[in-house]
Amino acid sequence: MTSADLVLPPTDQQTPTAALLQAPEAQVLELAIGDMHLLLEQHGYVIALYPSGIRPEHERRLHSIRSVLESDRIALVKVDLPPLGVAVLVRQLRQLSICDFSPGVVASAARLLSHYIYAGALLNSVAKLDRVPVSLKSHARSWVPGSQFAVLAGPEPQLIKVGPAAEPLAGPAFRTHLLVAQGQLQSEWVQETLAPAWKVQVVHDTRLPADSPRWWGTGKLVEFAAHLPDLSVLYQLVASVRRERCHWCEMELIGDRCAFCSAPLATPANRRPSSGVLQLEAGERSGP
């Protein structure tokens, strides 16, 4: 992981922690290469998950390390989620790492699981928000004192102006936990309105990631992420997807692209679609 505040506490005693891949200004290249080599010696493979909003020099550092080590056992996985969503995804991959999945399947599961993370924020303004489409009307409303906006970055972008007559954000159709990080905006809307509307099972509080104000364009926010908390459900979701073998590096994968060498599948027409969505919804609805 590229930032310590994106490493959430483990959900149980079995969930391992994550290693920190530090920024160039925090560690010289020689030490960074040595740390990566040690990780490979200890664990065999490294899955480096990092947000798309990372600084270019930090991303170049990751590619430089892999190039110098000439290793095909390092997966660089870039994800387009807000900071709190990235933190949730990192923890889910940590949970899956103790299962009987191969490193290639765990790494490529990041793309699949990101579609099941409902990551958003309550903002006092969308004037500087450039990660989610914002209409001119919403920009104009940002200048009205006291305005608040609920924004969902993924899996599908949404934006509403919070008010008594406003329709709630479209939420997950499966059972989730809600992680909430309080910024400088004092509001209970996420806990008191959004959580009941989404029928979340449990609400957890956490610290706001340092990069969240930059990502959302304001420090006056409450960031949230609804996610699948149970390892058994995550396991079922990943296991339901057909596994393939990368024609280039021979790593096992799910989806249409290898997470280790970025090669696409040689014969995508022969793949069958994932049944994870249907199995998940059916399993959740049949529960108590």
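Values below: every heavy atom of this structure, side chains too, minus hydrogens, waters and symmetry copies. Because the structure is predicted, anything quoted here is derived from the model rather than measured.
With respect to the salt-bridge test (charged N to carboxylate O, under 4.0 angstrom), the residues E25 and R55 qualify. Looking at R61 and E59, no side-chain N of the basic residue comes within less than 4.0 Å of a carboxylate O on the acidic one, giving no salt bridge. Between D256 and R111 a salt bridge is recorded (basic side-chain N to carboxylate O distance below 4.0 Å).
The side-chain heavy atoms of V202 and T176, taken from C-beta on, include no pair separated by under 4.5 Å. A 4.5 Å side-chain heavy-atom check between V203 and V190 finds every atom pair outside the cut-off. Between P24 and L29 the shortest side-chain heavy-atom distance does not fall below 4.5 Å. With a 4.5 Å cut-off on side-chain heavy atoms, M251 and S102 do not count as touching. Taking the side chain as every heavy atom from C-beta outward, E244 and E252 never approach each other to under 4.5 Å. Within the 4.5 Å cutoff, side-chain heavy atoms of L93 are placed close to those of L113. In this structure, R243 and L253 have side chains that are not in contact, with every pair of non-hydrogen atoms separated by 4.5 Å or more. L179 places a side-chain heavy atom less than 4.5 Å from the side chain of V88.
Here the rule is side-chain contact (heavy atoms from CB on, under 4.5 Å) with V222, and of Q182, E188, Q186 only Q182 fits it.
Of the inter-residue distances, the one linking R131 atom CZ with L81 atom CG reads 11.0 Å to the nearest 0.5 angstrom. Once rounded to the nearest 0.5 Å, the distance linking OG of S240 with CD1 of I254 reads 8.0 Å. The structure places NZ of K78 at 11.5 Å from OG1 of T2, a figure rounded to the nearest 0.5 Å. Atoms CG and OG1, on L231 and T11 in that order, are 7.5 Å from each other to the nearest 0.5 Å. Considering OG of S262 and CG of L76, their distance stands at 8.0 Å, rounded to 0.5 Å. Between the CG atom in L234 and the CZ atom in R91 there is a gap of 10.5 Å [rounded to 0.5 Å].
Heavy atoms only, all atoms of each residue included: G85 and A119 are closest at CA-CB, 4.2 Å. For the pair Q148 and S187, the tightest heavy-atom approach, listed with the atom from each and the gap, is OE1-OG, 3.8 Å. Shown here for T218 and K220, the closest heavy-atom pair between the two residues is OG1-N, 3.1 Å. Annotation for G171 and Y118: closest pair C-CE2, 3.6 Å, computed over non-hydrogen atoms. Closest approach of C246 to C261, counting heavy atoms only: SG-SG, 3.5 Å. Closest heavy-atom contact between A259 and A107: CB-CB, 3.5 Å.
Taking the six-membered ring where tryptophan is involved, the planes of Y116 and F174 are tilted, since the angle between them lies from 30° to 60°. The aromatic rings of F260 and Y45 lie perpendicular to each other, with more than 60° between the two planes, well past the 30° mark.
Under 3.5 Å, the side chains of D230 and Y235 contain no donor-acceptor pair of N or O atoms. E223 and W216 form a side-chain donor-acceptor contact under 3.5 Å, judged by distance and modelled atom types alone. In this structure, a donor-acceptor pair under 3.5 Å is absent between the side chains of Q184 and N124.
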Exercise for the section: For F224 and L169, run side-chain contact (heavy atoms from CB on, under 4.5 Å): C-alpha distance rounded to whole Å, both residues' side-chain angles, the deciding distance at 0.1 Å, then the answer. Expected result: CA-CA 12 Å; F224 56 84; L169 292 169; 4.1 Å; yes

Exercise for the section: Quick one: do I160 and F149 satisfy side-chain contact (heavy atoms from CB on, under 4.5 Å)? Show the steps, please. Expected result: CA-CA 6 Å; I160 63 169; F149 300 85; over 6 Å; no

Practice task
Kindly indicate, with the supporting measurements, whether the criterion side-chain contact (heavy atoms from CB on, under 4.5 Å) is fulfilled by I74 and R66.
Solution key: CA-CA 7 Å; I74 302 173; R66 186 173 65 175; 3.9 Å; yes

Exercise for the section: Take D35 and Q22, measure what side chain to side chain donor-acceptor pair (under 3.5 Å) needs, and give me the verdict at the end. Expected result: CA-CA 10 Å; D35 285 351; Q22 300 190 54; 5.3 Å; no

Exercise for the section: Quick one: do V151 and L122 satisfy side-chain contact (heavy atoms from CB on, under 4.5 Å)? Show the steps, please. Expected result: CA-CA 6 Å; V151 184; L122 180 69; over 6 Å; no

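One N or O on the side chain of R94 and one on the backbone of P16 form a donor-acceptor pair closer than 3.5 Å. W189 places no side-chain N or O within donor-acceptor distance of the main-chain N or O of A150, the cut-off being under 3.5 Å. With hydrogens and angles disregarded, a donor-acceptor distance shorter than 3.5 Å links the side chain of H58 to the backbone of L21. No donor-acceptor distance shorter than 3.5 angstrom exists from the side chain of S67 to the backbone of H63, with no hydrogens or angles considered. Using modelled atom types, one side-chain atom of D5 and one backbone atom of A210 make a donor-acceptor pair closer than 3.5 Å. In this structure, Q92 contributes its side chain and L228 its backbone to a donor-acceptor pair below 3.5 Å. With S212 contributing its side chain and L208 its backbone, the two residues share no donor-acceptor pair below 3.5 Å. Without hydrogens or angle criteria, R73 side chain to G44 main chain gives a donor-acceptor distance under 3.5 Å. No donor-acceptor distance shorter than 3.5 angstrom exists from the side chain of H43 to the backbone of L38, with no hydrogens or angles considered. Remark: side-chain polar atoms of Q158 are paired, donor with acceptor, to backbone N or O of A170 under 3.5 angstrom.
For NE2 of H37, the number of neighbouring non-hydrogen atoms (other residues, nucleotides, ligands) closer than 6.0 Å is 12 at most. Annotation for E167: atom CD does not count as buried by contact number, only 12 or fewer foreign heavy atoms lying within 6.0 Å. Environment of CD in E57: crowded, with over 12 heavy atoms of neighbouring residues, nucleotides or ligands closer than 6.0 Å. Counting non-hydrogen atoms of other residues, nucleotides and ligands closer than 6.0 Å to CZ of R245 gives a total above 12.
The hydrophobic clustering, which links ILVMFWY residues whose side-chain heavy atoms are closer than 4.5 Å, places F101 and L89 together. Linking Ile, Leu, Val, Met, Phe, Trp and Tyr whenever their side-chain heavy atoms come within less than 4.5 Å leaves L39 and V7 in two separate clusters. Cluster membership check: L6 shares its hydrophobic cluster with V79, using side-chain heavy-atom separations under 4.5 Å among Ile, Leu, Val, Met, Phe, Trp and Tyr. Under the 4.5 Å side-chain heavy-atom criterion for grouping Ile, Leu, Val, Met, Phe, Trp and Tyr, M1 is connected to L8 within one hydrophobic cluster. In the hydrophobic clustering of ILVMFWY residues, with side-chain heavy atoms under 4.5 Å counting as a link, V28 and L20 come out apart.
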